[in-house]
Structures are given as C-alpha cells and as structure tokens.
Amino acid sequence: MLGEVLQWEHAADAVLSRWMRSHPKMGMRDRAEVAEAVFDVLRHLRRYRQFAESGTGPSSRRLAVLGLASVLSRPALESGLDDTERAWLDHVRSIDPASLPRAVRDSIPDWLDRRLEALPERDSLMQALNQPAPLDLRVNLMKGERDDILAQLREGPSARHDPQPTPYSPWGIRLQGRPAINRWPMFEKGQIEVQDEGSQILTALVAPRRGEMIIDYCAGAGGKTLLLGALMRSTGRLYAFDVSAARLARAKPRFARSGLSNIVPVVIAPGGDTRVKRLRGKAHRVLVDAPCSGLGTLRRNPDLKWRQHPDSLAALVQTQADILKQAASCVAPGGRLVYATCSILPEENEKQVEAFLAENPEFTLLDASKIAADRCKNLTLSGPYLRMRPDLHGTDGFFAAVLERKDAA
Ligand SMILES: C[S@@+](CC[C@H](N)C(=O)[O-])C[C@H]1O[C@@H](n2cnc3c(N)ncnc32)[C@H](O)[C@@H]1O
C-alpha cells in the first residue's frame, strides 16, 4: 500500500481508505497504527529516503520500518527485524537532524524550499507542519451551545480524547487522536461538524448579517458554508457555488444535518456562468475560498508537498486570479469580498491580493485582524491580513484578506 501511495496517482487518504476497506478483519488499533505510519513516512519522506540509502533489502521495507518506528514501541518493532536491520535502525536513530541540509531535514522538495525561504520564522513553521494535527470540531449554533456539548463530550468514551475549547474560535472544540466522530449521535444529529479552528476564524471574517445575500463562491464540501449559514441564523440567502458537482453532492448531507434552510447549492460553469452574471453587483458579501496548493494543511495532508510542482502551482495561481475577478463582479457597492487560501505561499496569498487591488481600484483592503478579533477575543494579530499558522496558533496554515467595494455614492 505504501508503494501505491508513493506513486502519487491518488491522494494518500483515498489509497488508505481503499486499503482499509479491503482488510475488513483488521482491528481499530492496527488500522490507526498503519495510518499513522504511512503519514509519518509522507511527512519525513526525503529524510527517510536518505536514511534508506544505507542498509540492505528493499528500500520500501526500510521506509516502512522508519514509519512504524514512530508508532510502535521499540521492543514491538524490533521483534520483527533481523540483526542487520536493528543495527541500521540504531545507526539512523543516532543521526542528528540538525546536521542534515535544510530541505532534507524538513523533508520538502528543493523548489518548495526556495519558495519558503523568505517566510518569517520559517523553521518553526516547517517543524509544526511536519507534526500530526489534533481534530477540531465546530459546534452548530443552530443546535447547541459549546459549553453543553463540551460537558457531554467530557462524559463517556469521548473523554479520552481530552476535549478542550479551542483558544480563539468561540465555536470550536479540540480533540486529541483520531476519533471516528461520524458515528457519534451528536454528529448524526448535526450538533457538531469537523472544521479546523483556522477555517472557523477565516469564515468569521465574512461577518455575515441576518437577512443578507451571501455567496460562498468555492463552497466545495460545504465546511465554511455551514458556519456562514449558522452565523446568518438561517435567514437571508446563502449561495453555495462550486464547479464540482461531486463536491457539492458531498456537502448536501451536511447541509441536511445542519438544520439550515437558507443554503442554495449551485453547480456553476468555470468562466462566464449565466447565474453568476445575474448576481452581478448584488451580493452583500462573497467568500472566495480558492483552490490552492493546500500547503498550510501539510499536518493532515503531507502528500501535498510531493504532489505539487512549479507548473501545477503556476496554473493554480492563474485560476485563483480568474475566480477572484469573477467573484468580485458579484459584490454590491459597499459590500465585501473575502479571499482565502489554506496555503502559506506568498504567490497564492499576499501577491494575489496585491495584483487584484492594482487592477481593481474600486476595492480597498480592510484590516482582517481587527475584524477577526471582533469574534475571536483572544486573537491578537497584526494586520492587514489574517495569517494563521500551526506553530503560532495551533491551527492549519490559512491566509485571508478582506476587501471592500467602494460605495456607489
Ligand atoms: C479550497 S476548496 C473549497 C473548500 C470549501 N470551501 C470548504 O470549506 O470545505 C476550493 C474549491 O474551489 C472549487 N473551484 C475550482 N475552480 C472553481 C471555479 N472556477 N469556480 C468556483 N469554484 C471552483 C473546487 O471544486 C473546490 O471545491
């Protein structure tokens, strides 16, 4: 299975899920260990490949041994190794990561290492992106209060995941480990959803009001749409646009569970869709959660750093600019446009916004950190952009900018 993951034809979690389904007799604990070991190899692949150059036998076995070393106790792992492998593992364990070239230590391709060079506190960011992430939940305001849900989670079997309120989002709960929450009654009833705290905070930047007309332009499977709908208290009209019918189809059961009745899902055509044209200048607020490299989510999707290339990134940057232009046309005078990504790369973030503002002087940049602080009391950022980072905030890496169209008067 690791061999298949490393061919990069499919996302690692898709290959893993298929493999798990084809091994129905495997216990929960073994499944969790296999998944952790595969993700560990993906996080540290470049470093492990270098280590695997020494030693004997198939290199895929050496990679698997290194991944398993992150989840199994030493005696459990070593009972499955021969003397040569044990000696090799001892040697590898004695290597100080600080002695390795930076891109090998961080396990990223050279092209990406160069692009991340200028980021502030780059080393701590890369270190944090190479760690596993906790699981963040969002309480659905339409169906519950955070304190009540937290109290329920602290009773019963979910207590072992140490439920804690998220530090910044007033709706978030953080769990440790990988609980299968989609079987929990409170999930089935639509009281909780999975949503990283950073994603909750950036959705709050849209700050929708009751009765408004809002567009979630890249709604995908609806993660942010659900919070927008709840913040609108199920009033007004919330369009969930996406070019992918499959993604919107995945959103529909979530919309149904949520109890929201203000969401209108629409599959749009890329480029000039007539329904988009009809909404020209009408929306109070538009969120563009743009398709991006996803490099801010490496804690959860470590394969993304191996699946992206400079060419695919250049194509994404062009798509983001096109989407931003179309989405902007829907914003009413005095209305707001929120541009967001889960990337850490300046070309997908600040540079994209600067290029848009240079071509669209009718928009001005607002201070996103102040708007975020209105909802998230403990969050002190320096504006004008929202930049969430795993090393500084414990969230995935997110970027957002809030733009306002000048009033017609
Ligand atoms: C980052 S994902 C959105 C995730 C979603 N907002 C959430 O919170 O779950 C980006 C989405 O943009 C969609 N997309 C790509 N090109 C688009 C376009 N031209 N117009 C609208 N959506 C597009 C993709 O299908 C994908 O679902």
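Start at 1 and go down the list; that is how both ligands and their atoms are numbered. No hydrogens, no waters, no symmetry mates; every other heavy atom, side chains included, goes into these values. If you're wondering where the values come from, they're calculated on a predicted model, not measured in any experiment.
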Practice problem: Provide, to 0.1 Å, the distance between atom 3 (C) of ligand 1 and the closest protein heavy atom, together with that atom's residue and name. | Solution: C218 O, 3.2 Å
Quiz prompt | From CG (D196) to CG (D396), nearest 0.5 Å | solution = 4.0 Å
Quiz item: Where is the tightest heavy-atom contact between E145 and V139, given as atom of each residue plus distance?
Solution: C-CG1, 3.9 Å
Quiz item: What part of A290 sits under 4.0 Å from ligand 1 if we count only heavy atoms: the side chain, the backbone, both or neither?
Solution: backbone
Exercise. Assign the ring pair F241 / Y217 to parallel, tilted or perpendicular, where the plane angle (0 to 90°) is split at 30° and 60°.
Key: perpendicular
Quiz item: Judging by distance only, is a nitrogen or oxygen of K224 under 3.5 angstrom from one on ligand 1?
Solution: yes
Self-check item: Over all atoms of both residues, closest heavy-atom pair of A251 and G220
Solution: CB-O, 3.8 Å
Self-check item: Nearest protein heavy atom with distance in Å, relative to atom 27 (O) of ligand 1
Solution: D242 OD2, 2.8 Å
Quiz item: What atoms of ligand 1 come within less than 4.0 Å of a heavy atom belonging to S244?
Solution: 25 (O)
Quiz item: Numbering the atoms of ligand 1 from 1, which are under 4.0 Å from a heavy atom of G220?
Solution: 27 (O)
Quiz item: Does any N or O atom in R254 lie less than 3.5 angstrom from one in ligand 1, N or O only?
Solution: no
Quiz prompt | Nearest-contact summary for atom 14 (N) of ligand 1 - protein heavy atom, Å | solution = V243 CG2, 3.6 Å
Self-check item: atom 21 (C) of ligand 1 [closest protein heavy-atom partner, distance rounded to 0.1 Å]
Solution: Y217 O, 3.4 Å
Quiz item: Under 6.0 Å from the NZ atom of K325, do we count more than 12 heavy atoms belonging to anything else shown?
Solution: no
Exercise. Provide the number and element of each atom of ligand 1 under 4.0 Å from a heavy atom of I323.
Key: 16 (N), 17 (C), 18 (C), 19 (N)
Practice problem: Evaluate the ring planes of H161 and W184, with Trp represented by its six-membered ring, and classify them as parallel (under 30°), tilted (30 to 60°) or perpendicular (over 60°). | Solution: tilted
Exercise. Find the distance between CG (L403) and CG (L366) and round it off to the nearest 0.5 Å.
Key: 7.5 Å
Quiz item: Between R247 and ligand 1, does any nitrogen or oxygen pair lie at a separation below 3.5 Å?
Solution: yes
Practice problem: Could you name the option among A219, G223, G222, S343 that has the heavy atom nearest to atom 5 (C) of ligand 1? | Solution: A219
Exercise. From atom 4 (C) of ligand 1, work out which of D289, L227, D273 has a heavy atom at the shortest distance.
Key: D289
Quiz item: What heavy-atom pair brings R275 and V267 nearest, and what distance separates the two atoms?
Solution: NH2-O, 3.1 Å
Quiz item: V276 and Q326: which non-hydrogen atoms are nearest, and at how many Å?
Solution: CG1-O, 4.3 Å
